[in-house]
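One structure is given below, encoded as structure tokens.
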Number of protein chains: 2
Amino acid sequence: MDDALTFSALVLALSGRLVQEIHAQVSRQGFEDLRPAHGFAFARISFGGATTADLAEHLGVTKQAAAQLVEELVRKGYVVRRPHPRDARARLLELTDEGWAATRAADQAAREAVAPWREELGEARFQELVADLTRLAPQGPIRPAW
Amino acid sequence: MDDALTFSALVLALSGRLVQEIHAQVSRQGFEDLRPAHGFAFARISFGGATTADLAEHLGVTKQAAAQLVEELVRKGYVVRRPHPRDARARLLELTDEGWAATRAADQAAREAVAPWREELGEARFQELVADLTRLAPQGPIRPAW
DNA sequence: TCCATGTAGACAAGTTGCTTGTCCATGTAG
DNA sequence: CTACATGGACAAGCAACTTGTCTACATGGA
């Protein structure tokens, strides 16, 4: 019954730890001017074909908030704005080499953060865990803040 | 290999959805002046024996931030400050009836948010999932923001 | 082709939840 | 009882987000 409550608390606690550890490791790798929220932006931009408005929807924030975030990432050299091939109003967002480097650092940090859990559960149960969670796969915006 | 990345993304996405749905439901129940961060405070205060400093550590924020949050909850009638029996500096935090009502509403909302996932996986696998996550049980502060 | 409506993005101002800095009263260890 | 630590409050500042408004361009219908 109250497993539902336990489950909620566990998921929230795990995600908090994940974010915290990934951010700390990415900072240690030299990307000290990046915050966790930027990671969610990188994820969308690296996927390709993203405009500022797309990013806003992905992050679940207003267009203005996304525009400010993009402006910051451009200023810091992680992102460039290119003209959109079919829409003169829009600008396509792309990661720079530095942006890709930060993305790789975050991926690696995620692997390292998960590694001890993987070991704790053993490979077989970890695979089941991933499979279970995948079946609950959510769609829609990823909300980096609450 | 990259299951670690998948796992991270899934946990983050799930927790985002959870927070979002619980908050929406709690608002619909009439607690429109509460934000998700308050839930983490309620969790610690309902546990008992909490001072503002305890709360700050639990939430992973500064004492001043916790004090402001407590002040807001007191003003809105969810929390009262009582003198501490053994420390004249400190004040014990307690939930009011309204605070308990909000806590119950959040618990119920969590159950409802998890219910479809529980059904999707089936009771047996859901139990395994909870068991696995419990083994990864984190300690330390719950960080409601990043 | 022209017009009405919708959308991408920028500029500006305001809100808010958090921070740092400082202070006092009380507790605690030597 | 002296030195230092801790709980909490007051004040000011900051940073990420919001709402509101505007221009340029896109799109669909008459």
Side-chain angles (χ1 to χ4, degrees), chain A residues 16 19-20 23 27 32-42 44-45 48-76 78-94 141-146, chain B residues 16 19-20 23 27 32-42 44-45 48-76 78-94 141-146:
Chain A
V19 168
Q20 192 180 338
H23 179 239
S27 282
E32 299 170 16
D33 55 356
L34 288 180
R35 290 170 298 103
H38 295 138
F40 296 92
F42 280 34
R44 177 62 188 91
I45 297 173
T51 65
T52 298
D54 292 335
L55 192 57
E57 189 181 359
H58 179 75
L59 297 177
V61 297
T62 59
K63 282 194 305 176
Q64 291 75 3
Q68 289 171 20
L69 196 148
V70 166
E71 173 57 31
E72 181 188 355
L73 291 178
V74 167
R75 182 167 40 79
K76 290 178 175 171
Y78 293 107
V79 170
V80 288
R81 283 183 275 238
R82 303 212 168 279
H84 193 290
R86 282 193 297 260
D87 190 336
R89 296 170 304 175
R91 330 247 314 191
L92 272 186
L93 303 176
E94 288 180 13
I142 295 179
R143 302 184 174 273
W146 57 57
Chain B
V19 168
Q20 191 181 337
H23 179 240
S27 281
E32 299 171 14
D33 54 356
L34 289 179
R35 289 171 298 103
H38 294 139
F40 296 92
F42 279 33
R44 175 64 189 88
I45 297 172
T51 64
T52 299
D54 292 334
L55 191 58
E57 188 181 0
H58 179 74
L59 297 178
V61 298
T62 59
K63 283 193 304 177
Q64 291 74 3
Q68 289 171 20
L69 196 148
V70 167
E71 173 57 30
E72 181 188 356
L73 292 178
V74 168
R75 182 168 40 78
K76 291 178 175 172
Y78 294 107
V79 170
V80 287
R81 282 182 277 236
R82 304 212 168 279
H84 192 289
R86 284 193 296 261
D87 190 335
R89 296 170 305 176
R91 331 246 316 196
L92 272 186
L93 303 176
E94 288 180 14
I142 296 178
R143 303 184 174 274
W146 55 57

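Just so we're on the same page: letters track the sequence lines, and every chain starts at 1.
- Nucleotide D:dC25 holds its P atom 10 Å from the CZ atom of A:Arg89, rounded to whole Å.
- Of all nucleotides present, only D:dA11 satisfies the Watson-Crick or G-U wobble test against C:dT20, with each distance under 3.5 Å.
- Across all strands shown, B:Ala88 has heavy atoms under 4.0 Å from sugar-phosphate atoms exclusively, and none from any base.
- Following rounding to the nearest Å, A:Arg82 (CZ) and C:dG9 (P) show an atom-to-atom distance of 15 Å.
- If you run side-chain hydrogen bond (donor to acceptor under 3.5 Å, both in side chains) between A:Asp87 and each of A:Arg89, A:Arg91, A:His84, only A:Arg89 comes through.
- Atom CZ in B:Arg75 sits about 13 Å away from atom C1' in C:dG17, given to the nearest Å.
- Between A:Arg35 atom CZ and C:dT19 atom P there is a gap of 14 Å when expressed in whole angstrom units.
- One can place CG of A:Asp87 at 12 Å from P of C:dT7, the figure rounded to the nearest angstrom.
- At D:dG8, one or more side-chain N or O atoms of B:Thr51 fall inside 4.0 Å of OP1 or OP2 (strictly under the cut-off).
- The base-pairing partner of C:dG30, taking Watson-Crick or G-U wobble contacts with both distances under 3.5 Å, is D:dC1.
- At the phosphate of D:dT18, OP1 or OP2 sits under 4.0 Å from a side-chain N or O atom of A:Thr62.
- Taking atom CD on B:Glu71 and atom C1' on D:dC10, their separation rounds to 12 Å, with Å as the unit.
- Put simply, the side chain of A:Ile45 does not reach to within 4.5 Å of the side chain of A:Tyr78, judged on heavy atoms.
- Put simply, CZ on B:Phe40 is 12 Å from P on C:dC18, counting in whole angstrom units.
- For the pair A:His23/A:His38, no side-chain contact is recorded, criterion being any heavy-atom separation below 4.5 Å from C-beta on.
- For B:Arg91, no side-chain nitrogen or oxygen approaches OP1 or OP2 of D:dG7 to under 4.0 Å.
- Pairing of C:dG9, defined by two Watson-Crick or G-U wobble distances under 3.5 Å, is identified with D:dC22.
- Rounded to whole Å, the distance from CZ on B:Arg81 to P on D:dG7 is 16 Å.
- Side-chain atoms of B:Gln68 come within donor-acceptor range of the base of C:dT19, with a qualifying N/O pair under 3.5 Å.
- Nearest to the side-chain atoms of A:Lys63 among the listed nucleotides C:dG9, C:dT7, D:dA5 stands C:dG9.
- Taking only side-chain atoms of A:Leu69, from C-beta outward, the nucleotide of D:dC17, C:dG27, C:dA12 with the closest atom is D:dC17.
- Annotation for B:Pro85 and B:Leu92: closest pair CD-CD1, 3.8 Å, computed over non-hydrogen atoms.
- Look at C:dA25: its Watson-Crick or wobble partner, with both distances under 3.5 angstrom, is D:dT6.
- Of the candidates D:dG8, C:dG17, C:dT19, the closest approach to any side-chain atom of B:Ala65 belongs to C:dT19.
- In this structure, A:Arg44 contributes its side chain and A:Gly48 its backbone to a donor-acceptor pair below 3.5 Å.
- Looking at B:Gln64, its side chain comes within 3.5 Å of the base of C:dG21 through a donor and an acceptor atom.
- Heavy atoms only, all atoms of each residue included: B:Thr62 and B:Ala56 are closest at O-CB, 3.7 Å.
- Here B:Ala53 lies in heavy-atom contact (under 4.0 Å) with sugar-phosphate atoms only.
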